[in-house]
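So you know, we letter chains A, B, ... as the sequences are listed, proteins then strands, and number each from 1. What's counted below: heavy atoms across the whole structure, side chains too, no hydrogens, waters or symmetry copies.
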Amino acid sequence: MRLNEDDLYRQSTQYKHWSFTPSDLTRLRQKTNAHAATQVKLHIAQDRVERAKLATLDVASAPESGADTPNGNGAGTGANTPVPGGAGDKGGEVDCLTTEEENMVVDKFCETAMKLGDFLKLQPDVTATAIQFMRRFYLYNSPMTYDGTKISKTAFFLALKLELGTRAGSASDFASRLPKTSRDDIVAPEYTIVQALRFNFEVRHPFRGLKGVHLELEDMIRGNYAVAHDGRTPAELRGEALQALEVAEEEEAATKLGNIYAHTKDILTMAAQLTDAYFLYTPSQILLAAHLLASPALTTFYLATKIPSSSPASTKILSTLQSCADLLSSHRSYSKNPAQHKLAWADGDPPATKKAMKKLRGCKDPTTQDLVALNAGKKRDVVRDGTLEEGKAKRRKLNRETAEKENDAFWGPELKKEG
Amino acid sequence: MSRVARAPGASTKRAVEDGGASHLSHSLRSLSIQHQSPSKPARAAADSASEICPVCKSSRYLNPNMRFLVNPECYHKMCESCVDRIFSHGPAPCPIAGCKKTLRKARFRMQTFEDLKVEREVDIRRRVAKAMNKEEADFETLRDYNDYLEEVEEITWNLILKIDVEQTERRLRRWEEAQKAELNPNAVRRSVDNGPDISTLSETSHVILKKGGTQRRVQGASLGNTPIPEDDTGFSFRGLKKRKAPEPEKAFDPTGGWSVEPLYYSVKEEYDHKFFAVKHEPKFYAFGYKAPEYYSHALRDAFGGLGVFLEDDRANEVIDFGTQAAAVAAGGGRDVEMNDVF
């Protein structure tokens, strides 16, 4: 009937639904990519057929209507307007993104989201949560299907609500802080995202535990830390901690600890967000791996006070931390000396990402580009492929029309009779 | 009467009990209950004495709605209007000549049996049965139970025949208290003199008139408030099983017995640091938040999942109904298709 920290973590949705082994993760992405690719091809083909139909209609009706518009679409069917971002729509085979390209695109979306968070001056928690929402969302959805800029705005709004609660403000407030964004843009994809997140709103961020680690480290440096598992006294621990920090005085040590804290936090708010670390490792492992990168000597010493080096778990934990640290340091945002402008690294994209972003323009799913209309349509029973029964749709339409008519009446609609 | 009702199945075995019955008891059994209603005059109006109030001498003949009441203190009959007249202003002595009992209006009632002796016996039996409420299962053997019943019968007859009434009453009260204490040890026996017990039917239990406290005290002393030994339970019966008090309820544990025992850290009460800047502001703690909660949260976040290796866990849960199967069932594959809803 006793639980330790690991058991508690195993109860979280992050562990249950959002933790994967690397192979699982790849398989899942491949599956998502394959499905999205077939959908995109199908929808683009359907779209082309419809456009062709409309175009012929236009040609036929143009002389009758007598419209002498230059491009001949006087009826305004929009048949000849290009497909949204239709750079790749030349009528040939649709060239869909591969899984790797999708990854690059999602990373690019996340980087943009990070800049957006910086622009909105949001706390790092909110930005991190939003980015994790996006990463989780794009595990089960393809960037070909849903556009990153649209999704990121709503992800930010959700994260804001999650982290700040009632202080988050309304959707319109949030929309007014963003350029060229209306309330509907924020609200429309909300349900789609939340559904893809499986209503798992909790994100366990590694930087939440960072303060805990530093509470203990400060304690050690002051010589207040309780006796370690191997019987080292507080005084001995203090000496070793100072040695690991390569300082002699407590004050110097405190400054140095502060630097390490800042560096770790930078790694956790950038590199950890933009890699798959959250999917592959637990928050504690990510945290200690980042700490390991920031200060290898101190972290090794700290871990040794926690886990006896003789125990079998020790080597395993250390190797896991090392692989996590490798993952974090492989990201281009990682630098040993944090720059003045933290997001400077994100200004130029690698050529492969640029290429992928360009390719994305040609393979967007035409049916899911206008999320606002989709949302409204869903609410108003717009059906495709006759999903909704005809009779039902008709009845609802009739009901709606009567309601609208009644609402327009001078005294408003008739009051409902009780009972 | 009540004994029969208590254990009807075992009545054949109990020779002792029937042996104690007397002429009164027999008459009691053969008696029919008197149906007396104000609208219907008693049909057996043979003796006209029963139709005339002994106090005001008014007759039922003149007032068909007249009702006769008795008080279990002395069982003297009188009409309702007399009761109203005499006792409306508080306790008063019985108006019947020679009777010096103090009566209260509230205790007056219609008599159930025509014979007042029977009425009195029933009352006494009811009172004794209330105190002596043991059952056969409470005794080791049937013999012990029968002995108990005999003792009860003896107590009853002592009270009926007015032998040692005062002492028997006291013993009964001790016994009741002892029973209560046995059932619930927390109910402390109070030896405070809380006035005469008007619920008892004894002849000696006086209702004290509105008199000074001194008299009351004197009365209390004269009533024989001799100190009774603490372990005196009034009666003791051979073979009576000790009554078991119910188990005290355990304190509610909202965690259901689970507790968190961290592997990698232990939380201290206080840390010297600058993170939790508001730790000395009282307003921060107004709703019960405590600094150690902050510390324990931070440390739990720091180490939660340190020893969780996804490779191992997922390998062990290949057919895991909790996570992967649920993910599939919840539409792990279908999530991608959800845009088809539109």
Side-chain angles (χ1 to χ4, degrees), chain A residues 1-6 8-10 15-17 19-21 24 28 31-32 35-36 39 140-142 145-146 192 195-196 198 204-206 208-216 218-219 222 224 226 280-285 287-288 306-307 313 316-317 320 365 367-368 374 377-378 382 384, chain B residues 253 255-276 291-292 294-318 320 322-324 326-328 330-342:
Chain A
M1 303 291 272
R2 308 210 157 190
L3 296 169
N4 58 30
E5 310 90 311
D6 293 348
L8 288 179
Y9 176 67
R10 285 199 176 91
Y15 173 78
K16 285 180 182 166
H17 299 149
S19 294
F20 307 91
T21 60
D24 279 348
L28 183 58
K31 203 169 145 195
T32 305
H35 183 86
Q39 290 288 95
Y140 289 101
N141 293 281
S142 167
T145 320
Y146 292 107
T192 314
Q195 195 185 29
R198 304 225 191 104
R204 299 216 171 184
H205 289 299
R208 298 222 170 108
L210 185 56
K211 283 182 178 171
V213 169
H214 275 251
L215 280 180
E216 293 206 321
E218 280 186 28
D219 235 24
R222 295 210 174 84
N224 297 331
L280 300 174
Y281 301 96
T282 64
S284 171
Q285 288 162 354
L287 160 66
L288 290 169
K306 296 290 174 188
I307 312 149
K316 192 150 194 190
I317 288 177
T320 310
D365 190 335
T367 58
T368 52
L374 268 182
K378 195 178 166 195
V382 168
R384 281 195 314 141
Chain B
D253 183 7
T255 58
W258 291 90
S259 62
V260 176
E261 203 154 88
L263 278 176
Y264 307 110
Y265 64 89
S266 55
V267 187
K268 295 206 302 183
E269 278 297 302
E270 187 61 60
Y271 287 89
D272 188 11
H273 65 92
K274 56 186 182 306
F275 293 134
F276 190 37
Y294 170 81
Y295 302 138
S296 99
H297 206 137
L299 283 163
R300 202 186 309 143
D301 277 342
F303 292 103
L306 181 59
V308 174
F309 304 106
L310 292 169
E311 286 277 5
D312 293 0
D313 283 16
R314 291 292 186 254
N316 296 337
E317 305 165 357
V318 176
D320 176 26
T323 53
Q324 285 181 337
V328 172
R334 255 178 297 147
D335 272 5
V336 194
E337 297 162 288
M338 74 195 170
N339 46 358
D340 286 351
V341 172
F342 302 139

Quiz prompt | Toward chain B, the part of A/Leu287 with a non-hydrogen atom under 4.5 Å | solution = side chain
Self-check item: Which portion of B/Ser266 sits near chain A, non-hydrogen atoms under 4.5 angstrom
Solution: backbone
Self-check item: Top contributor to chain B interface from A/Glu216, A/Lys316, A/Glu218, A/Arg204 [non-hydrogen pairs under 4.5 Å]
Solution: A/Lys316
Quiz item: Do you know the tightest heavy-atom contact between A/Arg208 and B/Asp301?
Solution: CB-OD2, 3.4 Å
Quiz item: What part of A/Arg222 is in contact with chain B, defined as an atom under 4.5 angstrom from a non-hydrogen atom: side chain, backbone, both or neither?
Solution: side chain
Quiz item: Do A/Tyr15 and B/Asp313 come within less than 4.5 Å of each other through their side chains, counting heavy atoms only?
Solution: yes
Quiz item: Side chain, backbone, both or neither: which part of A/Ser19 has a heavy atom under 4.5 Å from chain B?
Solution: both
Exercise. Using non-hydrogen atoms and a 4.5 Å limit, figure out which bit of A/Ile307 sits close to chain B: side chain, backbone, both or neither.
Key: side chain
Exercise. Please determine, by modelled atom types, if A/Asn4 and B/Tyr264 share a side-chain donor-acceptor pair under 3.5 angstrom.
Key: no
Quiz prompt | Atom group of A/His214 that falls short of 4.5 Å from chain B, counting heavy atoms | solution = both
Quiz item: Just by modelled atom types, is the B/Gly305 backbone N or O under 3.5 Å from a matching donor or acceptor in the A/Ser284 side chain?
Solution: no
Exercise. Can you tell which part of B/Tyr265 gets under 4.5 Å to a heavy atom of chain A, answering side chain, backbone, both or neither?
Key: both
Quiz item: Any ion pair linking A/Asp219 and B/Lys268 (charged N to carboxylate O, less than 4.0 Å)?
Solution: yes
Quiz prompt | Residue pair A/Phe20 / B/Leu310, side-chain heavy-atom distance below 4.5 Å | solution = no
Quiz prompt | Pair B/Glu261 + A/Arg2, salt bridge at N-O below 4.0 Å | solution = yes
Quiz prompt | Contact class of A/Ile317 relative to chain B, heavy atoms under 4.5 angstrom | solution = both
Quiz item: Tell me, do A/Glu5 and B/Leu306 make a side-chain contact under 4.5 Å, heavy atoms counted?
Solution: no
